Amino acid sequence: MARVVVDVMLKSEILDPQGEAVLGALPRLGVNDVSSVRIGKRVEIEFDENAQNVEEQSRVIADQLLANPVIESFSLSIEGS
């Protein structure tokens, strides 16, 4: 069985309000040495044992369903075989 992890993040030029909110809250926790926070999402996809073209299928899923290519980028990590 193959498991694919898809990490989706806003592109660096896109404002990340959630990341800014976390960054603003850190001093209240006594954390002052953080210069930037970006928030993203992680999606894990498990394929059947017989699945073919796992990487290709994962790219289609990520590009057409999980990430908005205008404002987000994604990376794939394939675990197992």
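Given the structure is predicted, the values throughout are model-derived calculations rather than measurements.
- Around atom CG of Asn32, more than 12 heavy atoms belonging to other residues, nucleotides or ligands sit under 6.0 Å away.
- Exactly one of Arg59, Lys41, Met9 qualifies for a side-chain contact (heavy atoms from CB on, under 4.5 Å) with Phe74. That residue is Arg59.
- Using a distance-only test at 3.5 Å, with no hydrogens or angles considered, no donor-acceptor pair links the side chain of Asp48 to the main chain of Ala51.
- Other residues sharing the hydrophobic cluster of Val31, ordered by chain and number and joined by side-chain separations under 4.5 Å: Val22, Leu23, Leu26, Leu29, Val34, Val37, Ile39.
- Put simply, the side chain of Gln57 reaches to within 4.5 Å of the side chain of Phe47, judged on heavy atoms.
- Remark: Asn53 CG to Glu55 CD distance equals 10.0 Å, nearest 0.5 Å.
- In terms of hydrophobic clustering, with Ile, Leu, Val, Met, Phe, Trp and Tyr side chains grouped at heavy-atom distances under 4.5 Å, Leu66 and Val54 are assigned to a common cluster.
- Separation of atoms CD1 (Ile14) and CZ (Arg38) is listed at 8.0 Å; rounding is to 0.5 Å.
- Ile45 is listed as a side-chain neighbour of Val6, based on a closest heavy-atom distance under 4.5 Å.
- A salt bridge does not link Lys11 with Glu72: none of the charged nitrogens is closer than 4.0 Å to a carboxylate oxygen.
- The two residues Pro27 and Gly24 make their nearest non-hydrogen contact at CD-O, 3.4 Å.
- With Asn68 contributing its side chain and Val70 its backbone, the two residues share a donor-acceptor pair below 3.5 Å.
- Between Ile78 and Ser58 there is no side-chain heavy-atom pair separated by less than 4.5 Å.
- The local environment of CD in Glu44 is crowded, with over 12 non-hydrogen atoms from other residues, nucleotides or ligands closer than 6.0 Å.
- Annotation: the span from Ser73 atom OG to Asp7 atom CG amounts to 10.0 Å, rounded to 0.5 Å.
- A distance of 6.5 Å separates CD of Glu46 from CZ of Arg3, quoted to the nearest 0.5 Å.
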